[in-house]
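Notes follow the structure.
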Amino acid sequence: MTGPWAPGLVLAPALLLVASAAVLLRPGSARRAGALSLLAVLLSALPLTAAWVGRRCDVILWAPGTAEPGGTALALRLDGLSIPFVANLFAVSLLAFWYALGYLERVRRPEWCYSLLLVFVASMLGGLLADDLLLFLVSWEAMLLASALLLVGWGEGPRASAVTLRYFIYSQGGSLLLIAAMAWLAHTSGSTQPEAAFRAIRHQPLPVLQSLGAMLFVGFAVKMAIVPVHGWLPDAHAIAPMPVTILLAGAMLAMGAYGMLRFALLGLGPAALMPLQAPLMALGLVSQVYGAWQSLGQRDLKRFIAYSSVSQMGYVLFGIAALSSAGASASVHHILGHGLVKSLLFMAAGVVIASTSRRRMSGMAAIGRLLPVPALSLSIGLAATAGFPPLLGFHTEWRLLLAGLEAGHPLLAAGAFAAPVATLAYALVLVARMMECPAHEPPAPVAAPRPMRVSTGLALALVLLAGFLGGPLGRWIADLLPEMEAVL
Amino acid sequence: MNLLVWAVVLLPLGLAFASGLWGAHQRVRPLMFGLLGAFTLALVALWASGEEPVARLGDLLAGEPVNLRWTGPAAPLVVAIYAALLVYIGRTLRPMEESPPASLAIVLALSSMAIAALLVDDLLARVIALDLVSVTVVALLTVHSPASARAPALWHYVPLRVADLCFLYVALQLWRGTDTPTISVALAGAADHPRGQLLAVTAAALGAAWIKLGLPPFSGWLMAASRMRSPARLTAAAFGPPLLGAYLLSRLAPAFAAAGPAVGIALALASGFLLLWGIRNVRRGADRAGTLLALHGALGLWSGLTPASGLYILSFVPVRVVILLLYPGTDAAPAAATNQAARLVDRLGHLALTAEAELEAGIGRLTRAPEALGTHLQRAHRGRLRENLLWALLALFAILLTLLVGAGGAP
């Protein structure tokens, strides 16, 4: 156990799980369950914030075989790589739970929904803090289960069950690959502690390491919804209640990127992954363009934003595939930006839907005039996505493009400069639609619940702030990753 | 002196805020004249001092200091912008009703961004300034479009953004080659880049300048700006993206020369194309102002390779202001090209839906393949009991053999 605040690593997920149980045991109104959940999220962030001061904290939960060299121990760790992802998780969760106060007021069994939401957040936190392969896999499976239950229980529309089944099959397919890869890793190295395990297998033949790398990349690519394993994302995002959508898009997609960085890139090292570089960069590029292209054709507002996530995850994969510390830190920066921007987009879309009962793209005409603040929020979110300076997307975009240029594949790097044009095209589709003047005056909107509006305002402020502080934020992330610098 | 550099960039922005905030013409007027007077004094003082002061912006982007430099090549262009702004304000303030405050604020913000783009000495900061100029011009086009054409007018941003991305490519390549984002140092080292990289940088820079100058087939936004009836056209088409495109050409001229004869050949071909396009447009009686502006922009392509580039860039804004004053705007056919863009995006979107449906169907067929294969085999073997038993025994034998071999080889 290192660092004075190391117990905070156990306390944070434990607090979320206790709150999850408390919400169920003391059922009350939806508002009360929501307030308790929001408080739990806020409180659980405190010990982690304190632990962050120590920069790197480790805590061992259970160590049955540590006496033997390379033995097993269930351990948690907060280090430079996990800090930005934990910060992203808490920022997105805070926004989602605040938003839920307004959104989940009228759902059935709200206490169950809040309880599962807390388990969902706790499992993601567990995955980010896990310093043990087994603990990581358990958290990973808990995350999938909680999200699937949220989708099947509170999914909107008649296709909820079918969409959840599809989500489950995709996710479990990816998980099976991860389980196989990590079992192989633990078996070969004799340890379930990632650092020791990867250190032990470095001497294995290159094809073995590459196969392991490919399994890890594909397994995590499913979670990131990289083309062609993206099929679960648009439907899941479209049917999920908005707070769940925000967590899926803003936090859960980031888990895939975290896994790639932690286990594939840091674990195996760039030398072993070099033959995979060009295919992965190409895959990232295809995702960028394909996601943007699909967004152009969507008729539903939530699916439109969902496909933009596919495109944005392509940027992240492109940065990771650069196999450099610059690319990795740019990807982490992009993930942080994506979490905030996607939250803003879905939250503003939710306000529009709640105010007008319209979610088809054709129904967005005149929204700019009827609902100026949500329309402005959507426009700013899309501008940030399209990399419009000085918003957040610009800072990450040039870093990713620079990393691509330095990766030594000039054609792929040059192609990456075309992707932002595709992003701009779909951004303009919605902005232009909101500025259109319809032939018939649409009915006047009703006011969305106050927590939804206020939390959307907070998300907008955070997006603007993160954009204006984009340079220092990028340097903060780069400073957090000295291990990455050393390995890459 | 450093404060004066700040003043030159920020005073137009202050003017923009003032006009945007107050709106009422009578109250804006004295304040605007006051700020304009301060702007004039700052310019005169900078010009008279003969110094090259530097205002530090801080290390906001790549960890290196970003500065605003009042230097030789950019200073006369800032004065030209000021002069064009005076012409614009002179024409706007007399019949105040013609120019709503929103448009006034946008024009003043555009001036501030354009000046910042000329003075900033950091490659990335210049990309930001260029992009802000692009957005401001599109905002101007949108504000001056009829209500029904405002949404389509947004599509003018696409080519301008492509140009900004081309310049971002140039900036990042120059930065990589010289390990610094400071423009003067990066440009000085440009000729030392590998030949392939230099050609790619030159092509991207020419692409960026081509679009910024509004040369065909990317002239839609310039044509739309030149057709505006508002005096705001003086600013959008004279010192907006076109001036920055021409400046880009003049600054990158050493890199073009180092890239070899390929650039000259490309420019000769381009000149032929532009000449034909100009003649065709003049014969058709098409938009005279737009055509003349585009042909004037095309001159910049040649002047970039000749000693005349200095004269060209100095005369850039006055020549354009004269062209625009000679041919007044008509507000005609504002959104034809942009409607085409919107239709193209619609078609692409429809195609995307079809492609995704096909992909889904393909995956569906793939997942149903084992079941279909099983059904097919079942049908094929129905009623053939002995043959099936034989196959089953063979399979069992293979499994047993594998297990035995595995057990024998185990430690």
Side-chain angles (χ1 to χ4, degrees), chain A residues 169 227-231 234 290 292-299 304 307 361 365 368 383 386-390 394-395 397-399 401-406 410 413-414 416-429 431-437 468-472 474-475 478, chain B residues 58-63 66 123-125 127-132 134-135 138 142 146-148 150-155 157-159 161-162 164-166 168-169 171-173 175-176 196-197 200 203-204 338 341-342 344-356 359-360 362-363 367:
Chain A
I169 289 170
V227 174
V229 285
H230 66 287
Y290 186 82
W293 181 40
Q294 284 300 321
S295 275
L296 289 180
Q298 294 311 310
R299 309 282 183 251
F304 169 85
Y307 267 110
M361 293 291 282
F388 168 67
F394 172 76
H395 297 282
E397 191 178 80
W398 73 259
R399 282 173 203 272
L401 292 172
L402 184 62
L405 284 172
E406 284 173 345
F417 280 82
V421 183
T423 310
L424 175 68
Y426 74 73
L428 283 179
V429 164
V431 177
R433 190 61 58 85
M434 289 190 297
M435 283 176 65
E436 272 173 13
C437 302
F468 290 120
L469 297 176
R475 283 200 293 283
Chain B
D59 50 354
L60 294 171
L61 288 161
V66 180
L123 286 164
L124 281 173
V127 173
I128 293 180
L130 286 175
D131 217 349
L132 289 174
S134 304
V135 169
V138 174
T142 310
S148 60
R150 275 184 190 160
L154 285 178
W155 289 97
Y157 183 48
V158 176
R161 174 79 170 138
V162 170
D164 295 331
L165 283 168
C166 285
L168 179 63
Y169 178 80
L172 293 180
Q173 286 285 27
W175 183 9
R176 273 183 66 217
Q197 198 176 318
T338 48
L344 176 70
V345 167
D346 260 0
R347 270 204 296 275
L348 280 174
H350 183 69
L351 202 61
L353 284 183
T354 316
E356 184 78 344
L359 189 70
E360 294 269 312
I363 289 172
T367 52

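Order of the sequence lines fixes the chain letters, A, B, ..., with proteins taken first and strands second; residue numbering starts at 1 for each chain.
Residue A:A386 touches chain B through its backbone alone, counting heavy-atom pairs closer than 4.5 Å. Heavy atoms of A:E406 lying under 4.5 Å from chain B belong to its backbone as well as its side chain. For A:Y290, the part sitting under 4.5 Å from any heavy atom of chain B is the side chain, from C-beta outward, and nothing else. Contacts between B:T142 and chain A at a heavy-atom distance below 4.5 Å involve the side chain alone, from C-beta outward.
Taking B:R150 as the reference, nothing meets the salt bridge (charged side-chain N to carboxylate O under 4.0 Å, His left out) condition, with sequence neighbours excluded. Partners of B:S134 by side-chain hydrogen bond (donor to acceptor under 3.5 Å, both in side chains), not counting sequence neighbours, listed by chain and number: B:D164, B:K212.
Side-chain contact check for B:L168 versus B:L124: some heavy-atom pair is nearer than 4.5 Å. Between A:W293 and B:L351 there is a side-chain heavy-atom pair separated by less than 4.5 Å.
Of all the listed residues (A:L424, A:V431, A:V421), the one sharing the greatest number of non-hydrogen pairs under 4.5 Å with chain B is A:L424.
Interatomic distance, B:W175 CH2 to A:L405 CG, rounded to the nearest 0.5 Å: 11.0 Å.
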